[in-house]
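Presented below is the structure to which this report refers.
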Amino acid sequence: EITRIGRLVKAGMVKPSGLVKPVSVTQIAGRYLAHQEGLPKLPVPPLQQTCEYYLAALTPIVDPEELNHTRKLLEEFQKPGGVGERLQKGLEQRTKKMENWLSDWWLQTAYLDYRMPVVVHSSPGVVLPRMEFSDRQGQMRYAAKLIAGVLDFKSMIDNETLPVEYLGGKPLCMNQYYQVLSSCRIPGTKRDTVVNYTLVKRPPTHITVVHNFQFFVLDVYNSDGTPLTIDQIYIQLEKIWNSSLQTNKEPIGILTSNHRNSWGKAYNNLIKDKTNKESVRAIQKSIFTVCLDAPMPRVSDDMYRTCAGVQMLHGGGSRWNSGNRWFDKTLQFIIGEDGTCGLIYEHAPAEGPPIVSLIDHVVEYMKKSEMVRTPMVPLRMPQKLRFHITPDIKKDIEEAKQNMNIMAHDLDMKVSVFSHFGKDFPKSQKMSPDAFIQMALQLAYYRIYKRCCPTYESASLRMFRLGRTDTIRSTSIDSDKFVKAMDDPAKHNTEKVALLDKAVKAHRAYTDMAIRGQAIDRHLLGLKLQAIEDLAALPEIFMDTSYAVVLHFNLSTSQVPAKTNCVMCFGPVVPDGYGVCYNPMDTHINFAVSAFNSCQDTNAARLAQALEDALLDIKTLLEQTPKAKL
């Protein structure tokens, strides 16, 4: 049994990016392994279908001459006995040999080969509801409860009693849950790797706690295997706090925020020293990390969420909490002395939904759990991790600090709550809430830039074994027609409503295709990587300008629904783009919009405002237009 699980989880470590739960996910308890083996394999879509949809996706975003040129290249590519057919057969062969033809390729290309810092560029942050603690005791109590809550979730993973999730009646792959704890990314000078200590002979029993840039190993299990109580964890956190009061320590953790090649070089240098190597290994092996943050500068209430979003994404710069992290760690919970709470996760092993599911569990657990006085068994002092800082390492730290501060200054963030309606209104109009929000975003972007742009929305492929994500392309021929008509005084409202309805239905239909493994993006990537693997010449469709344009996602978006009133945030994926994440609740929507200050053309607050206006304008349009008689 264990070796079979081992095989699956190991197969899962070669795995990869993204996030959408387009329909509600229900949970039913089930055994992990039998479940996994019953899941279908990710299909390879038909070549002709992908080529047709690719042309349709290009239509609203490239000019007609470009489109014509690409059409000719696609005809050539699809010729019987031609290049496309050969690569398609290669992918079909790959499907027979592997659990999932895409997942290891995706893990490598989307994450491990990517050399930008994980901070801002890859790792998403989550802002949890603000806490009212006014002192460190409150911070410690909250941290102790949170740790106990995560350990409670871990017990469900360990005992394989985690409820299987379903999407539209179909069971989902649960592998990602087995990847988020006791795992860590390891930098390389050319490409990174991910390690997972869940399946070693003696799995880790400790977490890491970092306070004032100082790391501690905190054992969270007794010798008999039972978890520490909330009360015991609280006592241990107090000890950690009291033995890390100095605020002048070198922020060793900031090294993890640097460009991956630079960090890879610094890492090799750092672990030459035996003590450093042991300290780093203790962090990598830990179940997860808890960052006890210093308070951030006070801001007005309307700015609070935005500042919290920034704190989760990068810590506010080297003067604040950016050194109070190990950004390679899969899961880091952040608990500020001032009540700002949330987490940041390293994206390589998992998507948003499993993380959110863990959050929902922990938040519920914390509501019902109270500090229980426990028998006073004296507990060992948590071990402080030591680092020998050579002049070289000191130089690496200074460089990482400078780069971190440049990144912190460059991130333009706006976290807002749209309070006028939530999922309730689109549902009352018999429209998919996700499609409704995406169309409002298309309208907002069009109003600012007078053009449509390539838009990425992540769709879950978890219906398939080891499935990660594919792309829902929200900019369609139909969305293009709607946004152009919306502000056209010559168009009647009934026509606008009809166009909106058509655009929403087209989005819903493409979403359904995507979650069934029939979208175009991963298929095109697969064909390209197959050509590279075959050492063949790269087909012309991949050297075509259109291909570069269609992959330049000015809007990178994700719906991450949660029961908890939280919001996920992430950075843009292109220098002149936006990151937009949203959690639609019943009567409000939480939004996080990001951009870069270094780009003159983008502004997060402006897009957030345009989005709010677009949502209200679409609601007004629907309310003012009499329903067409069926």
Side-chain angles (χ1 to χ4, degrees), residues 5-19 36 98-100 102-119 121-125 150 154 157 173-200 203-204 206-208 253 255-268 270-271 277 279-289 325-333 343-355 358 458 461-462 465-469 529 570:
I5 296 172
R7 195 182 70 236
L8 263 167
V9 179
K10 285 199 187 84
M13 267 333 296
V14 284
K15 239 183 31 163
S17 150
L19 336 163
Q36 288 294 109
M98 307 185 82
E99 292 257 13
N100 184 313
L102 172 66
S103 51
D104 58 347
W105 268 350
W106 181 248
L107 179 69
Q108 294 297 333
T109 50
Y111 298 112
L112 303 181
D113 291 347
Y114 186 65
R115 303 327 281 155
M116 292 295 271
V118 290
V119 184
H121 299 282
S122 173
S123 298
V150 181
K154 181 179 184 290
I157 296 175
C173 174
M174 299 297 284
N175 178 271
Q176 290 178 34
Y177 287 100
Y178 292 80
Q179 308 304 336
V180 293
L181 298 173
S182 314
S183 61
C184 194
R185 184 161 167 159
I186 295 182
T189 47
K190 292 202 172 61
R191 65 160 39 155
D192 293 0
T193 47
V194 173
V195 284
N196 185 331
Y197 289 96
T198 317
L199 292 160
V200 295
H206 70 280
I207 66 170
T208 14
L255 291 172
T256 61
S257 70
N258 214 349
H259 186 278
R260 302 309 293 174
N261 292 355
S262 312
W263 167 220
K265 275 217 306 253
Y267 177 83
N268 291 338
L270 178 70
I271 61 170
K277 188 175 188 167
S279 294
V280 166
R281 195 61 31 101
I283 298 171
Q284 290 168 345
K285 280 186 172 171
S286 62
I287 303 166
F288 57 94
T289 295
R325 305 278 184 275
W326 193 267
F327 286 110
D328 290 354
K329 194 71 195 143
T330 308
L331 208 48
Q332 299 191 88
F333 292 92
L343 64 111
I344 180 171
Y345 72 95
E346 199 288 300
H347 211 328
E351 263 72 66
I355 304 289
L358 183 145
S458 42
L461 292 177
R462 284 175 58 209
R465 215 176 307 169
L466 305 184
R468 293 292 298 254
T469 58
L529 294 176
F570 48 76

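Judged by distance alone, with hydrogens and angles left aside, the side-chain atoms of R462 form a donor-acceptor pair with the main-chain N or O of C173 at under 3.5 Å. Remark: side-chain polar atoms of Y177 are not paired, donor with acceptor, to backbone N or O of L358 under 3.5 angstrom. R115 contributes a side-chain N or O that, together with a main-chain N or O of K190, makes up a donor-acceptor pair within less than 3.5 Å. A donor-acceptor pair is defined here as one N or O able to donate and one able to accept, closer than 3.5 Å; no such pair exists between the side chain of Q284 and the backbone of I186. Checking side-chain atoms of Q36 against main-chain N and O of M174 turns up a donor-acceptor pair under 3.5 Å.
The pair R260-D113 does not count as a salt bridge, with every side-chain nitrogen at least 4.0 angstrom from each carboxylate oxygen.
Looking only at atom types and distance, the side chain of S182 has no donor-acceptor partner in the side chain of T198 under 3.5 Å away. In this structure, a donor-acceptor pair under 3.5 Å is absent between the side chains of W106 and N100.
A heavy-atom distance below 4.5 Å is found between the side chains of V150 and F288. The closest side-chain heavy-atom distance from K329 to S286 is below 4.5 Å. Side-chain atoms of F570 and H347, non-hydrogen and from C-beta on, never get closer than 4.5 Å to each other. Residues I344 and V119 are not in side-chain contact: their nearest non-hydrogen atoms beyond the backbone lie 4.5 Å or more apart. Two residues are said to be in side-chain contact when any heavy atoms from C-beta on lie closer than 4.5 Å; I283 and C184 fail this criterion. Residues L343 and I355 form a side-chain contact, since some pair of their non-hydrogen atoms from C-beta on lies under 4.5 Å apart.
Interatomic distance, L466 CG to L102 CG, rounded to the nearest 0.5 Å: 10.5 Å. The OG1 atom of T330 sits 8.0 Å away from the CG atom of N196 when rounded to the nearest 0.5 Å. Between the CG atom of L331 and the OG1 atom of T289 there is a distance of 8.5 Å, given to the nearest 0.5 Å. Atom CG of L270 and atom CG of L255 lie 6.5 Å apart (nearest 0.5 Å). Of the inter-residue distances, the one linking Q108 atom CD with L529 atom CG reads 10.5 Å to the nearest 0.5 angstrom. How far OG1 of T189 is from NZ of K265: 8.5 Å, rounded to the nearest 0.5 Å.
Checked against ring pair (Phe, Tyr, Trp, His ring centres under 6.0 Å), H206 has no partners two or more places apart in sequence or in another chain. Judged as a salt bridge (Lys or Arg N to Asp or Glu O under 4.0 Å), and not counting sequence neighbours, R281 has no contacts.
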Report task. Take T256 and W263 through the side chain to side chain contact (heavy atoms under 4.5 Å, CB included) test and state the conclusion after the steps. Result -> CA-CA 6 Å; T256 61; W263 167 220; 3.7 Å; yes
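Closest of all the heavy-atom pairs between V200 and P203 is O-CD, 3.5 Å. Pairing each heavy atom of Y345 with each of E351, the nearest pair is OH-C, 3.5 Å. Shortest non-hydrogen contact noted between V194 and P349 is CG1-CG, 4.3 Å. Residues L107 and A348 come closest through the heavy atom pair CD1-O, 3.3 Å. For the residue pair R185 and L112, the shortest heavy atom distance occurs at NH2-CA, 4.1 Å. Closest non-hydrogen pair, V280 versus W326, comes out as CG2-CH2, 4.0 Å.
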